Amino acid sequence: MDDRYAQIIKAITKAKDVAVYCHTNPDGDALSCLLAMGRALKNLGKSVSMYCDCEVPQKYKCLCGSDEITFPQKGVHELAISVDCASIDRLGQCMKSFLSSKKQIAIDHHASFARFAETCLVEANAAACAEIVYKLLKQMKAVDKDVAKLIFAGIVTDSGCFAFSSVKSSTHAVACELLEYGFDGSEVIYDVFRSCDLAKFHLKRRVFDKTRFFCDNMVAVIVFTKDDFEATHTDNSYTEGMVSELIDIREVKVAYALAEVTKHNYKLSIRTKEGVDASEIAMMMGGGGHMRAAGCRINGFLEDIIEKIVKFANDRI
Ligand SMILES: [Mn+2]
């Protein structure tokens with residue numbers, strides 16, 4: 001057995017009280033890892049807390065156990081495990097609670113991972129963090145049908161439903177093992193990947209209508225303003241996936257989505273095609289991610305920001 005896995009299994013086996021944490025603004029992979037790990041450890045008889053500093057987006061409320069996720073209260077946990085977090089600040093408001101526990105473990109799959117726990121299990125070639133969580137839980141014999149379904153949901157969301165270049169034959173092999181547990185894979189894909197509520201559709205229509213193209217159509221930019229969210233009764237959590245539709249345009253090599261968080265503060269999502277490293281662009285602005293998908297926070301006036309990020313793209317294409 002891989003030493004790192006053995007070390008983590010030993011720590012989990014010893015602990016009676018475990019807290020699991022995922023990143024702020026959670027996506028499907030983060031929530032699936034959090035819930036799969038939480039459920040599996042409960043199955044093993046542990047006292048488990050599942051923490052996130054944001055509300056679960058509507059789309060992911062269908063995930064088993066999503067109503068059990070809470071915000072950490074005072075108190076020290078025996079063992080803290082973070083999933084899908086590339087750096088300590090990704091824990092958001094949960095950071096203090098994570099650091100105050102007696103022992104910390106980080107499980108992640110980002111190339112930009114910056115070590116922040118005494119024990120780390122990082123596989124940057126995994127298409128989803130859920131793949132790593134599965135390998136761990138499988139060795140612990142802690143996978144049941146619900147856990148398998150959650151892991152599957154994580155892989156589906158982080159791999160663009162098995163479409164991204166991060167998907168390897170090993171990703172399909174894991175999915176194949178998971179489907180053996182007997183849940184309806186196509187139902188999971190509909191719920192977490194294909195289905196879209198009407199509000200999201202209206203947001204998409206509004207924002208795509210204002211798409212801007214630069215550098216001979218090789219760079220595309222969409223902007224979600226506070227007005228867009230207000231007019232469509234949506235928020236930041238509805239923006240997931242839209243930037244991927246931009247990078248699917250054949251001419252586009254770099255796609256950006258800017259979402260207004262507060263005045264002069266934006267969340268930037270970056271998608272790239274081969275030849276441009278998205279995580280490199282994100283890291284220049286204090287963020288991180290993967291080769292084809294990355295993100296960061298950025299301050300400034302909208303037009304200055306667009307000028308800056310278009311230049312970053314233009315320098316690389
Ligand atoms: Mn992930």
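Note that the structure is predicted; figures quoted are calculated from it, not measured. Indexing begins at 1, ligand by ligand and atom by atom, following the structure's order. Hydrogens, waters and symmetry mates play no part in the numbers below; they use all other heavy atoms, side chains included.
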Keeping Glu78 on the side-chain end and Asp17 on the backbone end, is there a donor-acceptor pair under 3.5 Å? yes

N/O/S atom name from Asp29 that is nearest to the position of the Mn ion (ligand 1): OD2

N/O/S atom of Cys33 inside 2.8 Å of the Mn ion (ligand 1), strictly under: no

Donor-acceptor check, side chain of Lys273 to backbone of Ile247, threshold 3.5 angstrom: yes or no? yes

Which atom name would you report as the N, O or S atom of Asp158 nearest the Mn ion (ligand 1)? OD2

For the side chain of Asn217 and the backbone of Glu251, is there at least one donor-acceptor N/O pair under 3.5 Å apart? no

Could you tell me whether the side chain of Gln104 and the main chain of Leu99 form a donor-acceptor pair under 3.5 Å? yes

Of all N/O/S atoms in Asp84, which lies nearest to the Mn ion (ligand 1)? OD1

